[in-house]
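Notes follow once the structure below has been shown.
Owing to the predicted nature of the structure, the values given are computational and were not obtained by experimental measurement. First listed ligand is number 1; within each ligand, the first listed atom is number 1. Residue numbers count from 1 along this sequence.
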Amino acid sequence: MKVLVLNCGSSSVKYQFINTENKLVLSKGSIESIGSSSAILTHQRYDGDTIKITGEILDHDLAIEYVIAVLLSKNHGVIKDRSEIEAVGHRVVHGGEDFSGSVLITDTVIQTLRENIELAPLHNPPNIKGIVACLKHLPDVPMVGVFDTAFHQKMPPRAFLYGIPYLLYKRYKIRRYGFHGTSHLYVSKRAAELLGKAYDSIKIISCHLGNGCSIAAIDRGISIDTSMGFTPLEGLLMGTRCGDLDPSIPLHVMAKEDLTLAEVNTMLNKHSGLMGISGVSNDMRELIKTMNEGNERPRLAFEVFCYRIKKYFGAYIAALGGLDAIVFTGGIGENSFEVRKEVLTNLEFLGIELDDEKNLIQNGDRIISKDSSKVKVFVIPTNEELVIALETAQIVSELRKEMSNKS
Ligand code: ADP
């Protein structure tokens, strides 16, 4: 099935057009700076043909029209008719407690997404705009919503409840949701494949380390705990986000520095994490470079980053009651052998033995633990677009079957 995968952000639309039968990306691209007169569309076809156009794209509706137009383009496109777009898969950030899996988008689903805006005020509105634009420009094409939160929805209450009045959970849905679900699902399933074991028979810790970072404990195919919480601010140290924090700290800083709610929110989300500690960069490559030149604060940032991942390993191995595999993914997880080495050092007593040579090899899905390691360690580049395309194809195929049974 040919599926258009859309990831609509506040001022950008990223897309991939994927043939799910052979997993080939027929074309991919993005539109950045939507809302301005200098929006940039970048489009690349499977054969390497690339174009870049700058122009006025004031809203998501027009952006989606451009995406369809470029897919249809005589010189740069890959289809001759809109009907060749058989389905659209939308990345949706927050499904709240309403979605524990991907769903066919209906009016009721759109209404429920609107009701969940309060949980993701920055992310869900552009996701909804993308859906509404597709309804207009591709009215007969089935659409599926794939949620960042859904994979974690089977977490038990002991993992998702916070130690605050229960009333606040009931009244405002304040609980742990977790994010990066499609990535954790993809890499953990792939690890099971590489291990040659059934997904529902093994215990995995999955580390998504990009600009945003999260870690998940996956027990026989179910995410039983994850480090991001009510928002993506909790858990691991990230590029510019603080991760776990004594909740009194923001209150204390607000009083001391006379900060508003918005200002303290910006401090925790944009000026903390690797950037905040190092004072140099939120980019792990830059940090490692400056750290190796002998700079103290980048080293501290690196150490805090790695130590926290290690602490979560301890917690999640205990929560899982054992471990078969660890997976690293995301820009840092896939590329930084330094981070992987620091995180995995001195864990032999848990049956985790890193192979230093394999750790240096940088390509594709790979195993980096020693043959003797009881716990296998993998590096698996994430592919969220492919997961969205496959989920979409599966749901649309089921729908087609149901309809043909009825007729
Ligand atoms: P996002 O979460 O925005 O998708 P990515 O998954 O692309 O981000 O991850 C970005 C992070 O990956 C940055 O911190 C970047 O420094 C890091 N990264 C990318 N390549 C390397 C590398 N070769 N070595 C270390 N870190 C890397």
Please set out all donor-acceptor pairs under 3.5 angstrom arising from side-chain atoms of residues 336-344, sequence neighbours excluded.
{"from": "S336", "atom 1": "OG", "to": "E338", "atom 2": "OE1", "distance (Å)": "3.1"}
{"from": "S336", "atom 1": "OG", "to": "V339", "atom 2": "N", "distance (Å)": "3.1"}
{"from": "R340", "atom 1": "NE", "to": "N359", "atom 2": "OD1", "distance (Å)": "2.8"}
{"from": "R340", "atom 1": "NH1", "to": "G333", "atom 2": "O", "distance (Å)": "2.9"}
{"from": "R340", "atom 1": "NH1", "to": "E334", "atom 2": "O", "distance (Å)": "3.1"}
{"from": "R340", "atom 1": "NH2", "to": "N359", "atom 2": "O", "distance (Å)": "2.8"}
{"from": "R340", "atom 1": "NH2", "to": "N359", "atom 2": "OD1", "distance (Å)": "3.1"}
{"from": "K341", "atom 1": "NZ", "to": "D356", "atom 2": "OD1", "distance (Å)": "3.2"}

query: Does H180 have its ring centroid less than 6.0 Å away from the ring centroid of H152?
result: no
Show me the side-chain donor-acceptor pairs of residues 94-105 shorter than 3.5 Å, one per line, residues at least two apart or across chains.
{"from": "H94", "atom 1": "ND1", "to": "G96", "atom 2": "N", "distance (Å)": "3.0"}
{"from": "E97", "atom 1": "OE2", "to": "Y169", "atom 2": "OH", "distance (Å)": "2.8"}
{"from": "E97", "atom 1": "OE2", "to": "R175", "atom 2": "NH1", "distance (Å)": "2.8"}
{"from": "D98", "atom 1": "OD2", "to": "N116", "atom 2": "ND2", "distance (Å)": "3.1"}
{"from": "S102", "atom 1": "OG", "to": "E391", "atom 2": "OE1", "distance (Å)": "2.4"}

query: Which of these, R241, R308, R176, sits in a salt bridge (Lys or Arg N to Asp or Glu O under 4.0 Å) with E234?
result: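 Testing E234 for a salt bridge (Lys or Arg N to Asp or Glu O under 4.0 Å) against R241, R308, R176 leaves exactly one candidate, R176.
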- prompt: Can you name the residues that come within less than 4.0 Å of ligand 1, going by heavy atoms only?
  reply: G210, N211, G212, N282, D283, M284, R285, G330, G331, I332, N335, S336
task: Output the distance between atom CD1 (I85) and atom CG (L138), rounded to the nearest 0.5 Å.
output: 5.0 Å
field: side-chain contact (heavy atoms from CB on, under 4.5 Å) partners of A159, counting only residues at least two apart
entry: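 For A159, the residues satisfying side-chain contact (heavy atoms from CB on, under 4.5 Å) (neighbours in sequence not counted) are M155, P156, D225.
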